Amino acid sequence: MTNVSITPAVQQFLQRRHGSFIAGRAVHDESGAVIEVINPATGEAIAAVTGASAAQVEEAVASARAAFEGSWAQTSPYQRGVLLNRLADLIEQHGEELAQLESLCSGKAINLARGLEVAQSAVFLRYFAGWATKINGETMTPSLPSMAGEQYMAFTRREPIGVVAGIVPWNFPIMIGIWKIASALTTGCTVVVKPSEFTPLTLLRVAELAIEAGIPAGVINVINGLGSVGQQLIGHPRISKVSFTGSVPTGIAVGKAAMEAKLTRATLELGGKNPAAMLADVDIQSAVQGIVMAAFSHQGQICASPERLYVHRSIADDFARALGQALQTLKIGSPMDETVHFGPLANKPHYDKMLAFFARAQASNTVICGARAHGDKGYFVEPTVILANGADDHFLHEETFGPIICILPFDDEQHLVELMNDSPYGLGASIWTNNLSKALSLIPKLEFGTVWVNMHTFLDPAVPFGGTKASGLGREFGSAFIEDYTELKSVMIRY
Ligand code: NAD
């Protein structure tokens, strides 16, 4: 056991009274509902957060609006980029503190918290910082009739949309929060972020670091609470855009509420049931390693993780066996142990949901490995591989958002495409093969926002990310986000 020692900064932060972060200050309202933060490795409370009151939601939006019209509007694009880079530097300097907090609150293995959640948050911030000086309109020449020699010109401006409401799930509280904050700030918007009630702490610390970085008070506000707090936020008339990441049912409710509020723009990054396809020529051992990492990192609680695996019939038995063997070598244990790859599930409701899936799998599927709880405290389970009972098996259609892979053999590529597309979701899919022609001919036929080849789940800030079908609306990253965070204003001039 090589448990990391909890730093004094983390101990002090956990002991503080927490609430929300509004207008540059940590605040809490005695009357708000108290949310206990539970360490999923032990099931014990490690901190408490007071949810935002209705008045605090008002204050947060008002403070973001004042900063939008004032301090942030007066900050040049270059300076905005500098400030986002400074925040990235501070996130790195406080990386161990943030990673430990994340690991304690969400059960993320400490090395994943350090190397992905925290380190990638800085990478994303720096990518978005670079956009601040590059958001431009176009010029055009209208063809209007000229009666007396008058001429015309026109141009477009990309103007920041206003105050953005960012709603964040519990699986990557810092990184997904940063996606929303950085997209808003680089385009000149300000933001009110609502973290998940299961992971309310780390974005409060990020907001403090933003003030230390020199980002003016009010530009980033964080309000904590249950879904009802998010609901009040998105219905607020001074919210100009909602950027939501979470489940499909909540996403639909959020999209409807945003529409009804005042046709508020909404981007929705929702769930998935992502397929991975193993063609006959793959090297089984290296593909198995790829799937272990893609499907079981953070205990499978990643929206883009593969959950259904279509394997060419000629290698299906060998593949399932090799995957089961590889998973049995994964070390399950305390997420604060640096040698552990597989920590607990992030919260009790999710653990209970996974146990129900396991009961179903034990009753009706062939279990290659796992499908049971692990240990006697905390929310630990075993990584699980099961075989599908045909193409209609519910394990091929219902998102588990956990460490469960369901395998179905396929015979030919036309059938494979039908199987992969047979889903209400369209977030991501992967093809594993050394035959480039086959991969390139399959890509246009797949109805997904992202198609990976010989990899899966990886995201990069330069590459747009989002879903087709019920997996969402809109794209984050790349240059695609700019359209969603700005209004296009056309200007026509006669001279
Ligand atoms: P969730 O939908 O339960 O909650 C997400 C957030 O919405 C939380 O902050 C919650 O408090 C808030 N919320 C709940 N009801 C609300 C309402 N009526 N109005 C406004 N806000 C409300 O999702 P979760 O359980 O936190 O996250 C897991 C889900 O998120 C999975 O389905 C997963 O696939 C999805 N996810 C998608 C992506 C992506 O980029 N596509 C990334 C991560 C997670």
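One-based numbering, in listed order, for ligands and for the atoms of each. None of these values were measured; they are calculated from a predicted model.
Nearest to atom 1 (P) of ligand 1 among the protein's heavy atoms is S247 OG, 3.7 Å. The single protein non-hydrogen atom nearest to atom 16 (C) of ligand 1 is T250 CG2, 3.4 Å, given as residue, atom name and distance. The single protein non-hydrogen atom nearest to atom 19 (N) of ligand 1 is Q231 N, 3.5 Å, given as residue, atom name and distance. Among all protein heavy atoms, the one lying closest to atom 8 (C) of ligand 1 is V168 O, 3.5 Å. Looking from atom 17 (C) of ligand 1 to the surrounding protein, the closest heavy atom is G227 O, 3.6 Å. When only non-hydrogen protein atoms are considered, atom 10 (C) of ligand 1 lies nearest to E197 OE1, 3.6 Å. For atom 27 (O) of ligand 1, the closest non-hydrogen atom on the protein side is P169 CB, 3.4 Å. With respect to atom 12 (C) of ligand 1, the closest heavy atom belonging to the protein is I167 CG2, 3.7 Å.
Residue contacts with ligand 1, taken as heavy atom pairs separated by less than 4.0 Å, do not involve L233 at all. Of all the heavy atoms of F172, none lies under 4.0 Å from any atom of ligand 1, so neither backbone nor side chain is involved. If you look at P249 next to ligand 1, there are no close heavy atoms at all, none under 4.0 Å. Proximity of F401 to ligand 1, defined as any heavy-atom pair under 4.0 Å, is confined to the side chain (atoms from C-beta onward). Residue-level proximity to ligand 1 for N171 is carried by the side chain, the only part with a heavy atom below 4.0 angstrom. At a heavy-atom cutoff of 4.0 Å, ligand 1 is contacted by the backbone of L270 but not by its side chain.
Taking the centre and axis of the six-membered ring of F172, the NZ or CZ atom of K108 falls inside the cone set by 45° and 6.0 Å.
Counting atoms of ligand 1 from 1 in the listed order, those under 4.0 Å from a heavy atom of F465 are 40 (O). Near G271, with a cut-off below 4.0 Å to any heavy atom, the atoms of ligand 1 are 32 (O), 34 (O). Annotation for ligand 1: atoms under 4.0 Å from non-hydrogen atoms of P195 are 9 (O). Taking every heavy atom of V254 and a limit of under 4.0 angstrom, the matching atoms of ligand 1 come to 19 (N), 20 (C).
Below 30°, between 30° and 60°, or above 60°: for F124 and F477 the angle between ring planes is between 30° and 60°, a tilted geometry. A tilted orientation is assigned to the rings of F13 and H18, their planes being inclined by 30° to 60°. Note: F342 and F296 have tilted aromatic rings, judged against thresholds of 30 and 60 degrees for the angle between ring planes.
When the options K194, E399, E476 are ranked by their closest heavy atom to atom 34 (O) of ligand 1, first place goes to E399. Compare G246, G230, S228 by their heavy atoms: the one nearest to atom 35 (C) of ligand 1 is in G246. When the heavy atoms of A253, C303, G235, G166 are ranked by distance to atom 37 (C) of ligand 1, first place goes to C303.
Across every non-hydrogen atom of E399 and G272, the tightest pair is CG-O, 3.1 Å. Taking both residues in full, the closest heavy atoms of L270 and C303 are given as O-CB, 4.3 Å, listed atom of the first, atom of the second, then distance.
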Intermediate values then yes/no, side chain to side chain contact (heavy atoms under 4.5 Å, CB included), W432 and H456: CA-CA 9 Å; W432 299 67; H456 195 123; 4.0 Å; yes
side-chain hydrogen bond (donor to acceptor under 3.5 Å, both in side chains) evaluation trace for K273 with T400: CA-CA 8 Å; K273 186 74 190 175; T400 69; 4.8 Å; no
Verdict with reasoning, K353 to Y351, per side chain to side chain contact (heavy atoms under 4.5 Å, CB included): CA-CA 5 Å; K353 187 172 147 190; Y351 173 71; over 6 Å; no
Test side chain to side chain contact (heavy atoms under 4.5 Å, CB included) applied to L488 and R158, step by step: CA-CA 5 Å; L488 191 61; R158 284 249 161 233; 3.7 Å; yes
Pair F481-F128, ring-ring contact (aromatic ring centres under 6.0 Å, His included): steps then yes or no: CA-CA 10 Å; F481 78 98; F128 283 108; 4.8 Å; yes
Side chain to side chain contact (heavy atoms under 4.5 Å, CB included) between H236 and E58, intermediate numbers included: CA-CA 8 Å; H236 196 291; E58 283 294 330; 3.1 Å; yes
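For the ligand labelled ligand 1, residue F198 lies outside the 4.0 Å heavy-atom shell. In this structure, A304 falls outside the shell of residues with a heavy atom less than 4.0 angstrom from ligand 1.
Residue contacts with ligand 1: S471 is placed with no nitrogen or oxygen under 3.5 Å of a nitrogen or oxygen of the ligand (distance criterion only). Every N/O-N/O distance between I176 and ligand 1 stays at or above 3.5 Å. By the 3.5 Å distance cut-off applied to N or O atoms, W170 is counted among the residues near ligand 1.
Between atom CG of residue L309 and atom CZ of residue F410 there is a gap of 10.0 Å, rounded to the nearest 0.5 Å. Taking CD of Q299 as the start and NE2 of H341 as the end, the distance is 11.5 Å to the nearest 0.5 Å.
Distances from atom 4 (O) of ligand 1 to the protein include no heavy-atom value under 4.0 Å.
Using modelled atom types, one finds a donor on one side chain and an acceptor on the other under 3.5 Å when comparing E102 with T202. Between the side chains of T245 and K180, at least one donor-acceptor pair of N or O atoms lies under 3.5 Å.
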